[in-house]
K.L.:
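Can you keep this structure in mind? I'll have questions shortly.
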Amino acid sequence: MSWIQSTTIYQIYPRSFYDSNDDGIGDIQGIIQKLDYIKDLGFETIWISPFYTSPQQDFGYDIADYFSIDKDYGTVQDVEQLIEAAHQRKLKIVLDMVINHTSNQHPWFLESKQNTTNDKADWYIWRDKPNNWKSIIGTKAWHFVEERNQYYYTSFLPFQPDLNYQNETVKQTMFNVCKFWLDKGADGFRLDIFNCIIKDKHFRNNPFSLLHGIPTIDQPGGNFQNRKYSVNQPENFELAKDLRAIINQYQPDRLLLGEVFGEHHVKKQYLGNGNDGLHIIFLFDIIHFKFKASFFKERIKAYEKNYPFPYQPVVNFSNHDQWRSQFRLKNNINKAKLLTLLQMTMRAVPVSYYGEEIGMTNAYIPIKQAKDKLAHAFTWIPEWIAKRMPVPINRDNCRTPMQWNSNKNAGFSNANTTWLSVVDDYKQRNVVQAQADKDSLYYTYKTLLNLRKTNNSINKGKLNLIEDTPNAIIMYERIYETEKHIIILCFSNKKISIPLADDKYTILLKLNDSFTWENNTLELSNYNGLIFREIV
Ligand code: GLC
């Protein structure tokens, strides 16, 4: 089994992780200084949101030069140093690669938009007349440019023009971008909106759909449109294979992690036969969890059915586009511990978002004050509705600085002002405080991350869901060769009993002390969860 199927991933939003030069913005040297923290916590791979040169309209997801690093974050030498320092610690570094679109400030686009005859004239998607396609967030996707008397297409926001992959030179250029970073030792890529990249070459209109809401990540339809011709085209599945062929030329293995949206039978096609597509993809239907055993049981069943070995599901509950899970759990640390137990023991690659390990929650920044340009596209949504939406319209809320300690700016920066302010609970919720409290969520993470390293069944064994359990209980076995563990999770604060032979298992981990285990009966409550090891 490759490291890819058994790894654990920690996502860093570089702007908010650690500021080494006191300008109020996190940077690459800051990440280097915190590598030991991540290593000690127990994660094995770090995925870093984009840090390339960018006008920062979408904070790096709008790239203006793929071969240099934005002045806010450092230099190419800093990234080389980061990769080396990570490798010395046996950590992998996965870069974020945005190949669907560039910034509208990229020299390629500046040239392309001038006229219809320049060298880059068909590097982007230009049409005399727009068809009916909308962006994946439901906004206008075609934008008029006077110089060309034509419209260009954007899958996301207007300043992120989509590249034209029908043009072979564009495709090869973007593959060369990937090779450039692989040659520098990057351990792979998280691929931004990968399912949007190649569009229908006939530009057929998308069919009408009754889905009327704003599209969400697990439901790319919406705004009365089925995105039949603008996302998940068969050529996109082929593109996954082309990229895999490139990274297969590198040793040791490099990772391709796709951000793709759609139903399982569609998304699965990005994985090819298990050896010739992307290695893993986000399964966004779990990120918007309901804190209910039945919700997660359904997911486990669906993942076991759709992604059996050698496929590997990916489980994350927070990222830079979502409300933080701790916020959705209303700050209930016992619930957060239970989710962590599930995430770290399901058959999956767990991906955690910086600060999740200390239970960081969201800020409350109204749309009108947003730095996030996505919010600017939705200023018509009243604040009381925005607050209740399943995805944040203002993503600043989940991107606030990491809370390291109780000093100024939570120890993130010495600057007088930081790009976003820290959340005001930082005096009680920070790394120093978490490390001093043996009962903290931080130690649940640390213990579980280390258990994964020392127990094969938990990180690479097969999973058997035991279906005949009380409603609020999830129970599964993880089995690898002769090693077997049973994981039992209680999604209730009330007492629930289940039979469990007390001479066959020993307790490897318990989340809290709310349980008894006598006369072959386990009784647990208070969102407790336990790992048992079979005695052989
Ligand atoms: C992805 C990123 C998001 C970004 C968008 C456009 O969904 O996660 O942050 O704004 O793509 O690149």
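Read the numbers this way: they start at 1 and go in the same order the structure lists the ligands and their atoms.
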K.L.:
Can you find a heavy atom in the side chain of Asn316 that is under 4.5 Å from one in the side chain of Tyr353?
P.N.:
no

K.L.:
For ligand 1, list the protein residues that place a heavy atom within a distance below 4.0 Å of one of its atoms, sorted by chain and number.
P.N.:
Asp58, Tyr61, His101, Phe156, Gln160, Arg190, Asp192, Ile193, Glu259, His320, Asp321, Arg395, Arg399

K.L.:
Could you check whether any side-chain heavy atom of Ile25 comes within less than 4.5 Å of a side-chain heavy atom of Tyr73, counting everything from C-beta outward?
P.N.:
yes

K.L.:
Between Trp404 and Phe17, is the ring centre distance below 6.0 Å?
P.N.:
yes

K.L.:
Between Arg190 and Glu259, is there a salt bridge with N-O shorter than 4.0 Å?
P.N.:
yes

K.L.:
Hey, can you tell me if Phe291 and Phe296 have their rings parallel, tilted or perpendicular (30° and 60° cut-offs)?
P.N.:
perpendicular

K.L.:
Set out, in order, the CA-CA distance, both residues' side-chain angles and the distance that settles salt bridge (Lys or Arg N to Asp or Glu O under 4.0 Å) for Arg395 and Asp372, then state yes or no.
P.N.:
CA-CA 6 Å; Arg395 297 170 299 175; Asp372 179 11; 2.8 Å; yes

